[in-house]
2 protein chains.
Amino acid sequence: MSDRTARATKTRKRTRIQVVNEEKILEAALEVFARYGFKGAAVDQIAAAAGMSKPNLLYYFRSKKALYIAVLRRTLEMWLQPLEDIAAEGDPEAEIRDYIARKVAFSRSHAVESRLFAMEIIQGAPILKEVLETRLRELVEDKVRVIEAWVAAGKIAPVDPHHLIFTLWASTQHYADFDAQIRALLGAGAEDFYLSADDALSDLLLKGLLPRP
Amino acid sequence: MSDRTARATKTRKRTRIQVVNEEKILEAALEVFARYGFKGAAVDQIAAAAGMSKPNLLYYFRSKKALYIAVLRRTLEMWLQPLEDIAAEGDPEAEIRDYIARKVAFSRSHAVESRLFAMEIIQGAPILKEVLETRLRELVEDKVRVIEAWVAAGKIAPVDPHHLIFTLWASTQHYADFDAQIRALLGAGAEDFYLSADDALSDLLLKGLLPRP
DNA sequence: TGCTTATTTTTCCATTTGATCAAAAATTAT
DNA sequence: ATAATTTTTGATCAAATGGAAAAATAAGCA
């Protein structure tokens, strides 16, 4: 009836070894997929990074694609979290500052996940497209309404909510995705630079470039 | 002494066929490399997209890597152009509005180039690292000084020039790199949306989110 | 303990991939 | 037209790749 192998994580309870190994694999896969994309990543390479043989890896995940999907599913959840936390009732300035802080923190602590996500989107989102069109879309529409309400109440300047959301995503994510470029430009000073990112970004987006009277 | 094959574009004058074919190859390679990255792209695939056989493609470009470098070199030039055009003497607001307009236009007209560039950086910039550390670095330092002068003169609010430059890059480039995501979220309305991008972005970054008195 | 299941390794295979080369075809120059 | 050159192709190779099967080993549990 159902799968007899250890991969059948749905039906049977997961073994201790299973939990450990799947974790090791997912972590290694994240790294490799983020750097080389789906096609460019080699199962052998992932297995080596996870400290096991290729057949053994394929014992835990049926196929390269199944593994890719598993890694991506996880990543998406993390990626969505900060946006879900934006509250309609809160003070706009505080909410946005917090959102930026959360996103920048995510870009720092989960830079690899961020890059994997970017990689998937650049490749046309073959796997994530469906989720983007349904779940993310609803979530975004929800937050668009929040922003529209803020605008209507005169709490923030009249901005197109979608452009605002995309700018927030872009500017915060940049610190993870273009890390290599930032390091090439700033050299050793990059680490300190990152610390000032969320304040600098918040100030720029909230107060704008033109001097305030 | 020197290469006798058609690839020796340095020594001999380029044939008509050579010019045409190299152009076709570079275009096809751009597309494929941008979608699959260096490792993920197959020479065969590029050759097919260029309408020729694989050995024939390799007759024009010695190796996959040589082709990748050629494509990347071109792309970098295009990518740098808008930044070089920022003038120190100009009015800051106008200069930044123009820069945003140029970058957004580039993201629209050369979305594939933009994605290739992003792909290379995400993968750690193995080929571009050197250029980033030298030429781009000098260029950025130059523009940093321009921005610092604007701040010192009180023409714009006190911002960290690096953060400003990165935010400009990120927010404009996002429209190309995350095109798949934007389309998933906006559906058919995406096309119109893009038209409003540079004004929306300029207003947001110049005036900020908080209402002005 | 023995029996069952879970895990790992060894071996193998069919494709795909980047690359080469000699010969054929097409183009250009004389 | 004929010779010289450039372009294209077909055959082929060695390495890498995703995956399957089977055999060997280790856990878990009655």
Side-chain angles (χ1 to χ4, degrees), chain A residues 1-26 28-29 32-33 35-72 126-127, chain B residues 1-26 28-29 32-33 35-72 126-127:
Chain A
M1 194 106 322
S2 74
D3 228 334
R4 303 283 239 49
T5 72
R7 309 161 213 159
T9 56
K10 299 294 167 64
T11 46
R12 297 195 201 288
K13 52 200 166 194
R14 291 168 26 128
T15 309
R16 172 169 45 87
I17 300 180
Q18 228 169 103
V19 175
V20 169
N21 277 351
E22 284 176 2
E23 186 53 42
K24 280 198 295 186
I25 294 173
L26 286 171
V32 177
F33 279 133
R35 176 162 248 103
Y36 298 106
F38 176 71
K39 271 200 69 183
V43 175
D44 215 2
Q45 194 184 5
I46 299 174
M52 65 182 68
S53 67
K54 177 173 64 169
N56 198 21
L57 183 152
L58 288 171
Y59 167 75
Y60 288 99
F61 293 89
R62 288 170 169 28
S63 68
K64 184 182 176 182
K65 188 169 182 181
L67 174 57
Y68 182 64
I69 291 176
V71 176
L72 217 49
I127 304 296
Chain B
M1 197 95 321
S2 74
D3 228 332
R4 302 283 239 51
T5 73
R7 307 163 215 158
T9 56
K10 300 293 168 63
T11 47
R12 296 197 199 288
K13 50 199 167 195
R14 290 168 25 127
T15 308
R16 171 171 48 87
I17 300 180
Q18 229 169 100
V19 174
V20 169
N21 278 350
E22 282 175 3
E23 187 53 42
K24 281 198 294 186
I25 294 173
L26 286 171
V32 176
F33 280 134
R35 176 161 248 103
Y36 298 105
F38 176 72
K39 270 200 71 183
V43 175
D44 216 0
Q45 193 184 6
I46 298 173
M52 65 181 68
S53 67
K54 179 169 62 168
N56 200 20
L57 183 152
L58 288 169
Y59 166 75
Y60 288 99
F61 294 89
R62 298 173 147 55
S63 67
K64 183 183 178 183
K65 189 169 181 182
L67 174 56
Y68 182 65
I69 292 176
V71 176
L72 217 50
I127 304 296

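Below, each value reflects all heavy atoms present in this structure, side chains not excepted, and no hydrogens, waters or symmetry copies.
- B:Leu72 CG to B:Leu26 CG: the interatomic distance, rounded to the nearest 0.5 Å, is 11.5 Å.
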Per-nucleotide protein contact along nucleotides 8-19 of chain C, 5' to 3', at a 4.0 Å heavy-atom cut-off (B base, S sugar-phosphate only, - neither), is BBBB-----SBB
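- Taking CG of B:Asn21 as the start and OH of B:Tyr60 as the end, the distance is 4.0 Å to the nearest 0.5 Å.
- In terms of phosphate contacts, B:Gln18 brings a side-chain nitrogen or oxygen within less than 4.0 Å of OP1 or OP2 of D:dT7.
- Counting only distance, with no hydrogens or angles, the side chain of B:Thr15 and the backbone of B:Gln18 share no donor-acceptor pair below 3.5 Å.
- Distance CD/A:Gln45 to CZ/A:Arg35: 10.0 Å, rounded to 0.5 Å.
- When the side-chain nitrogen and oxygen atoms of A:Thr15 are compared with OP1 and OP2 of C:dT7, one or more of them lie within a distance under 4.0 Å.
- A cation-pi contact, defined as under 6.0 Å to the ring centre and within 45° of the axis, links B:Lys64 to B:Phe38.
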